[in-house]
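Lettering follows sequence order; numbering is per chain, from 1.
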Protein chains: 2
Amino acid sequence: MIQIDYKDSRPIYEQIVDKFKTLILKGVLSTDEKMPSVRSLALELAINPNTIQKAYAQLEREGFIYTVKGRGNFVAEKEDLVMEKKQEILEQFRQLLIAATEVGIPKEELVNLVSNFVKEQ
Amino acid sequence: MIQIDYKDSRPIYEQIVDKFKTLILKGVLSTDEKMPSVRSLALELAINPNTIQKAYAQLEREGFIYTVKGRGNFVAEKEDLVMEKKQEILEQFRQLLIAATEVGIPKEELVNLVSNFVKEQ
DNA sequence: TATGTGTACTATTATTACTAATACACTAAG
DNA sequence: CTTAGTGTATTAGTAATAATAGTACACATA
């Protein structure tokens with residue numbers, strides 16, 4: 001299911017993270033499906049379990065999977081993922097609005113920018 | 001004018017960059033004023049000229065100073081700095097708007113967010 | 001042409017990131 | 001309550017990167 005490319009300069013754990021993100025977003029892995037265990041995947045890829053652990057920890061931080069101690073890792077709901085992403089973007093939006101007024105970009109300009117963008121779409 | 005804090009864990013060049021940013025933004029150093037030469041400041045701080053060079057290169061990249069080969073480094077115009085910052089923010093704003101629609105945040109929500117923000121200020 | 005300036009290249013050192021080895025802790029099933 | 005399967009924490013070794021320094025080059029101007 002997962003393969004490491006040693007010609008790829010990116011760290012192993014990062015490759016694993018990206019592969020699983022794709023599998024989850026494409027729906028190849030479905031909600032609540034069990035992920036391969038840390039040990040079994042480590043064995044399969046002939047690498048250390050801690051490297052898998054690092055990848056899974058990141059996937060969990062980013063909301064792609066959830067962990068149940070002693071039971072395993074499972075695919076999270078796509079809906080939750082999208083919600084989380086939305087929250088992130090809205091927060092960035094707020095931060096940027098604050099930064100914009102701090103440098104003295106007039107409010108009208110911001111309003112115009114958004115409404116123009118909306119019209120274009 | 002500039003002092004290195006060896007208890008500070010940040011790299012030397014970064015400390016120098018930040019000190020000069022503050023001095024420039026506060027107006028202690030005024031437009032077109034000559035910066036200390038790479039060598040003289042290196043001598044004063046008892047560090048390698050290349051470390052100063054690295055700091056100056058970054059200040060130039062960020063628009064705080066401009067360089068004339070063989071003559072020295074000089075303080076840039078504050079106005080230019082603000083303009084540049086504005087451009088950056090507007091670009092981020094555009095990127096964020098695109099990202100927002102990609103995750104399916106409705107346009108109305110974006111418009112509301114901005115107009116509410118404008119009212120609050 | 002001499003002196004002061006920035007710059008490029010290389011080497012060394014320090015710091016951080018990555019991976020691995022090992023031991024611990026939780027869960028469920030027999 | 002023991003065993004097999006699971007995630008987790010701690011530590012150590014190695015690899016990669018960032019920071020700094022040494023040195024030599026190139027440009028500007030008096």
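Comparing B/Gly70 and B/Ala57 along DNA chain C, the residue whose closest nucleotide (by nearest heavy atom) sits nearer the 5' end is B/Gly70. Comparing A/Ile12 and B/Val38 by the nucleotide of DNA chain C whose heavy atom lies nearest to each, the residue mapping closer to the 5' end is B/Val38.
Computed from coordinates, the A/Ile52 CD1 to D/dT8 P distance equals 13 Å when rounded to whole Å. Here D/dT6 presents its C1' atom at 14 Å from CG of A/Leu41, a figure rounded to the nearest Å. One can place OH of A/Tyr56 at 14 Å from C1' of D/dG5, the figure rounded to the nearest angstrom. Spacing between atom NZ of B/Lys54 and atom P of C/dG6 amounts to 18 Å, rounded to whole angstrom units. At whole-Å resolution of the value, CD in A/Gln58 and C1' in D/dG7 are 17 Å apart. When rounded to the nearest whole Å, the span between CD of A/Glu14 and P of D/dT17 equals 12 Å. A/Ile4 has its CD1 atom 8 Å from the P atom of C/dA20, to the nearest Å. Atom-to-atom, CG of B/Asn48 to P of C/dA11 comes out at 16 Å; the value is rounded to the nearest Å.
Side-chain proximity of A/Arg71 to C/dT27, D/dA24, D/dG7: nearest is C/dT27. Distances from the side chain of A/Gln53 to the nucleotides D/dA19, C/dA20, D/dT8 place D/dT8 closest. The B/Arg39 side chain lies nearest to D/dA24 when the options are D/dA24, D/dT20, C/dT19. When distances run from any side-chain atom of A/Thr51 to the nucleotides C/dG6, D/dG7, C/dT19, the shortest one goes to C/dT19. Residue B/Thr67 places its side chain closer to C/dG6 than to any other of C/dG6, D/dA21, D/dA19. Distance from the side chain of A/Lys69 is smallest to D/dT8 among C/dC18, D/dT8, C/dA20. Listed nucleotides: D/dT20, D/dT6, C/dG6. Nearest to the side chain of A/Ser37: D/dT6. With D/dG7, D/dA19, C/dA20 as the choices, the nucleotide that has an atom nearest any side-chain atom of A/Ile47 turns out to be C/dA20.
At least one donor-acceptor pair under 3.5 Å links the side chain of A/Gln15 to the backbone N or O of A/Asp5. Judged by distance alone, the side chain of A/Lys19 and the main-chain N or O of A/Gln3 form a donor-acceptor pair under 3.5 Å.
Applying side-chain contact (heavy atoms from CB on, under 4.5 Å) to B/Tyr56 and the options B/Val17, B/Asn73, B/Thr51 leaves one that passes, B/Asn73.
Using a 4.0 Å cut-off, no side-chain N or O of A/Asn73 falls inside it from OP1 or OP2 of D/dT6. Proximity of A/Tyr13 to the phosphate of C/dC18: a side-chain N or O atom is located under 4.0 Å from OP1 or OP2.
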> Could you walk me through whether A/Glu91 and A/Gln87 pass the side-chain hydrogen bond (donor to acceptor under 3.5 Å, both in side chains) check?
Replying inline: CA-CA 6 Å; A/Glu91 181 53 31; A/Gln87 290 305 320; over 6 Å; no
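Aromatic rings from B/Phe93 and A/Phe93 are positioned such that their centres are separated by under 6.0 Å.
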